Amino acid sequence: MKERLGTFNDEADAYAQCEAAGYTAHKFDFPAVENEPHWHDFDSLTFIVAGELTVVDVEEGVTYTCGAGTKLVGQKGFAHCEKSEGYTAIIGFAQDPSMHTQPINKPLPASL
């Protein structure tokens, strides 16, 4: 299994890690969410700046509870679901977000 978690010191460090990886960084404030299992067709780095996000790895059955200072490594095809009361994150995208296919959250195939 790929290592999913890392850390960062502050917002400047999050932006620097994105730049070092060749990713484009954007800051977002997310409202409360509880979504169905899904996947994305792009790689990303998510840096939790404020609040808390719980991510469930659907295939491994592992739950990650991530607060401020946590970096999540999201790989293309990673099957997961999310729950939060709201959080702020800097997300680094491996490709320009305008190139992402819609919907962003792709439903899982019936075989999972």
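Just so we're clear, the structure is a prediction, and the values are computed from it rather than from any experiment. By convention here, the first residue in the shown sequence is residue 1. In what follows, every heavy atom counts, from backbone to side chain, and hydrogens, waters and symmetry copies are set aside.
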**OP:** Determine yes or no for a side-chain-to-main-chain donor-acceptor pair under 3.5 angstrom, with His40 supplying the side chain and Ile104 the backbone.
**Re:**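 Yes, His40 side chain to Ile104 backbone: donor-acceptor pair under 3.5 Å.
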
Subject >> Any donor-acceptor pair under 3.5 Å from Trp39 side chain to Pro107 backbone >> reply: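 Yes; judged by distance alone, with no hydrogens or angles, the pair exists.
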
At their closest point, which heavy atom of [X] faces which heavy atom of [Y], and how far apart are they?
X      : Y      : value
Glu59  : Ala79  : OE2-CB, 3.8 Å
Asp13  : Phe8   : OD2-CA, 3.3 Å
Cys66  : Leu72  : SG-CD2, 3.5 Å
Val58  : Pro37  : CG2-CB, 3.8 Å
Thr101 : Lys106 : OG1-NZ, 2.7 Å

Original post:
Can you tell me if CD on Gln95 sees more than 12 non-hydrogen neighbours from other groups inside 6.0 Å?
Top reply: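 Yes, because the 6.0 Å sphere around CD of Gln95 holds more than 12 heavy atoms from other groups.
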
Original post:
Just wondering, are more than 12 heavy atoms of other shown residues or ligands nearer than 6.0 Å to NZ in Lys76?
Top reply: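 No - once you tally the heavy atoms of other residues, nucleotides and ligands closer than 6.0 Å, there are 12 at most.
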
When rounded to the nearest 0.5 angstrom, what distance separates [atom1] in [X] from [atom2] in [Y]?
X      : Y      : atom1 : atom2 : value
Asn105 : His80  : CG    : NE2   : 6.5 Å
Thr54  : Lys83  : OG1   : NZ    : 7.5 Å
Phe47  : Thr7   : CZ    : OG1   : 9.5 Å
Glu82  : Phe30  : CD    : CZ    : 8.0 Å
Asp41  : Gln102 : CG    : CD    : 9.0 Å
Leu53  : Glu85  : CG    : CD    : 11.5 Å

What about [X] and [Y], same hydrophobic cluster or not, with Ile/Leu/Val/Met/Phe/Trp/Tyr joined at side-chain heavy-atom distances under 4.5 Å?
X     : Y     : value
Phe42 : Phe78 : yes
Val62 : Val55 : yes
Val73 : Ile90 : yes
Val49 : Tyr23 : yes
Leu5  : Tyr87 : yes

**OP:** Please work out whether the ring planes of His26 and Phe28 are parallel, tilted or perpendicular, with thresholds of 30° and 60°.
**Re:**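 His26 vs Phe28 ring planes: tilted.
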
**OP:** With sequence neighbours excluded, tell me which residues meet salt bridge (Lys or Arg N to Asp or Glu O under 4.0 Å) with Glu11.
**Re:**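 For Glu11, the residues satisfying salt bridge (Lys or Arg N to Asp or Glu O under 4.0 Å) (neighbours in sequence not counted) are Lys27.
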
